[in-house]
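Read through the structure below, which is laid out as structure tokens, and then see the notes.
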Amino acid sequence: MREYIPKKIESKWQAKWQEDGAFEPLADKTLPKKYILSMFPYPSGRIHMGHVRNYTIGDAIARHFRTQGYNVLHPIGWDSFGMPAENAAIKHHTHPKKWTYENIAYMQGELNALGLSFSKNREFATSDPLYTKHEQELFTQMYKKGLVYKKDAVLNWCEECQTVLANEQVEEGCCWRCNNLVTQKQMPGYYFKITAYAKELLEDLKPLKDGWPSQVLTMQENWIGQSEGLSFEFKLSEESREKLGRNFNGYEVFTTRPDTLYGVTYSALAPEHPIVKYMLEKKLLDDKTHEAIKNMQRLSNIDKQSAKKEGFALGIDVLHPLTGEVVPVWVANFVLIEYGGGAVMAVPAHDERDFEFAHQYSLPIRQSITPMDGEYNPNEAMCEYGIMVDSGVFTGLESIEGKDKIISHFEEQKLGKIVINYKLRDWGISRQRYWGAPIPIVHCKTCGSVAENRLPVTLPEDVEITGEGNPLVAHPTWKYTTCPKCGEAALRETDTMDTFVQSSWYFLRFTCPPALQEKVAFDKEWAAYWMSVDQYIGGIEHAILHLLYARFFTKVLRDLGYTSHNEPFENLLTQGMVLKDGSKMSKSKGNTVDPDEIVAKYGADTARLFILFAAPPQKELEWNDSAVEGAYKYIRRLV
Ligand SMILES: [Zn+2]
Ligand SMILES: [Zn+2]
């Protein structure tokens, strides 16, 4: 048997591959192609076994298709903006840029030693000024198209990270990154109008069902959260109309539970509702009520949500749209003017908030749904679906069918209409952090917020990261500029973009041949050739965040004329975790295995063979020293 010295063999071939550019795709669009992509890493400092597994799977697929004669694009890059660099800067008194690029250099060495067949000449880091430039151009196009807007909103705030978080980044009330409890804070910020694509994002999940894990599809479907509801008019009684000087005929309400309509016992208006305002103006209410409503109007939405429920009968009535019964109208502090026009139908038997309010003011509670199994308990709200009771011609129907039937009835009788709602909210992208892509907006006294056309807007390097406040605000000169439109003195936006913006289009960037990288974000024809990604590989933790945003960006860029594809990833493989002693490898648990040590001791081929043979790629993989040993012995026999 010949001696097996992995280091000698592997470094010889790795050098030759490098020299030959062995894994660069060919510039020939007539060849059949495969685009194989493993999710690019964050340059945290060192690679871990999860990376090794992710990249070994991608590498095996890429090599397989090369042997089949395909032109294969299998690139690597670095998702290099983000908070850890700032935290490291504080801890080690270094600069985020220095820390990031040193990590990249080190990890490049580690990936090289693994003998992965990446295309090297398309490699980039998302913190490269050139990437920022193209991204800011895309942002500007989106801004002009009305897909970016600014608003004040109550936002998720992480005190630990000192920044806002998107809804997708809050996991069970905690920060996705540091696990700190998330609080609410009113702040201005920029938003991507992802809700404009809600319907398409939902419908286009269907064609993915053969290529994506069903678990991921279900998670996205639930996150988008389409629901159907009914919008209808509550008509005021003749007497009430008279009382309001014939200025109002009624008002619109919206419900997602038309099946509970027969349980309506009152209706409630927001303190800011036009009818309430009219009644205040005309002094139609007694002094005490008048004052109390005025006080309600002064509360912010946050205070309203935390305040004790309070309400007053307005002395007017509406008519139930199905029974014609008289329904009393109240004003209540929990009804927000921003939602559903500031008016609700109240069904205390089947809604917790309505139940609490009815209890407090001794309003009638009328059951109209009975549980599928078990008993109805009149001492609490029964909010689940069930079977309709005491509901006229709809009695006996199950909730879901009843909803449809009632909506159809309203539409046929022209009493109301179906309304499709989504749980999905617009994507807040403003972060009060330094190490990110600056939002390319200039605030001018005369012109307002203007998109910057002198790109890229790069980060100043002479900053000190202290962890307090945003260094871009504190910098003595950076934010002072001139307006791109009128030339007057103006201020730069100091927020940077959520780092998920960078990972929303990096796969398109890889399709760009090196010669065009300076000029364009990506080339339309080359993108048409390489896209979609034939096989995407990464962790299940990206099921919603990254994968939804990447789908959104692909659709936006299609509509902006950059690409012709609807979906970025044809097939998705979510690889299982790497475990040791039964739990996920993690530094804090001290159960990690260092890939560098395994490669040094056994060679890259052993590490890769073990990873691929130890478990099916989608399943969890339990680390096993003797199986590593076994893989090594097996290769030694082949030499
Ligand atoms: Zn945090
Ligand atoms: Zn101006």
Side-chain angles (χ1 to χ4, degrees), residues 42 44-45 79-91 96 99-100 136 139-140 143-144 148-150 153-190 425 427-436 438-455 457 465-472 477-503 539 541-542 544-546 549 586-588:
Y42 177 79
S44 54
D79 191 11
S80 53
F81 271 140
M83 221 112 54
E86 289 188 47
N87 294 337
I90 297 165
K91 203 168 155 195
W99 183 85
T100 300
Q136 289 172 336
F139 176 97
T140 304
Y143 188 71
K144 287 178 180 155
V148 186
Y149 65 94
K150 191 182 187 181
V154 179
L155 296 173
N156 307 306
W157 175 261
C158 177
E159 191 61 34
E160 183 69 29
C161 300
Q162 284 284 306
T163 192
V164 300
L165 301 169
N167 288 337
E168 288 85 343
Q169 291 164 339
V170 181
E171 292 164 355
E172 289 170 8
C174 295
C175 171
W176 70 287
R177 208 190 62 78
C178 75
N179 218 23
N180 193 39
L181 205 64
V182 172
T183 56
Q184 303 291 301
K185 192 169 173 176
Q186 177 124 10
M187 295 185 75
Y190 284 89
R425 292 285 166 264
W427 174 13
I429 57 150
S430 288
R431 298 292 180 273
Q432 295 68 41
R433 307 295 303 194
Y434 166 74
W435 192 234
I439 293 178
I441 295 281
V442 170
H443 304 290
C444 169
K445 273 208 186 81
T446 316
C447 313
S449 298
V450 182
E452 181 60 273
N453 52 20
R454 300 156 293 189
L455 301 174
V457 178
I465 312 288
T466 59
E468 276 163 36
N470 179 351
L472 294 179
T477 56
W478 185 80
K479 66 182 177 223
Y480 301 102
T481 183
T482 52
C483 171
K485 215 162 154 186
C486 72
E488 294 294 311
L491 287 178
R492 276 195 196 295
E493 173 59 50
T494 52
D495 284 352
T496 53
M497 289 188 231
D498 184 0
T499 57
F500 279 91
V501 177
Q502 281 92 64
S503 51
E541 68 273 19
H542 298 288
I544 297 171
L545 289 160
H546 162 58
Y549 293 154
S586 83
K587 266 194 211 144
S588 58

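Whatever order the structure lists them in is the order used to number ligands and atoms, beginning at 1.
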Problem set entry | Salt-bridge contact K445-E488 (side-chain N to carboxylate O under 4.0 Å) |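 Looking at E488 together with K445, the answer is no, because their closest N to O distance does not fall below 4.0 Å.
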Problem set entry | Cationic N near anionic O, under 4.0 Å, R177 to E160 | no
For this session: With the side chain counted from C-beta on, respond yes when Y143 and I441 share a heavy-atom pair under 4.5 Å apart, and no when they do not.
Result: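 Touching, per the 4.5 Å side-chain cut-off.
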Exercise. Do W157 and Q432 have side-chain heavy atoms sitting under 4.5 Å apart?
Worked result: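 Answer yes - side chains close enough.
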For this session: Report, rounded to 10°, the angle at the Zn ion (ligand 2) between the two atoms SG (C444) and SG (C486).
Result: 110°
Problem set entry | Three-point angle C175:SG, the Zn ion (ligand 1), C158:SG, rounded to the nearest 10° | 110°
Exercise. Can you tell me the angle formed at the Zn ion (ligand 1) by SG of C178 and SG of C161, to 10°?
Worked result: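 Approximately 110° at the metal, rounded to tens of degrees.
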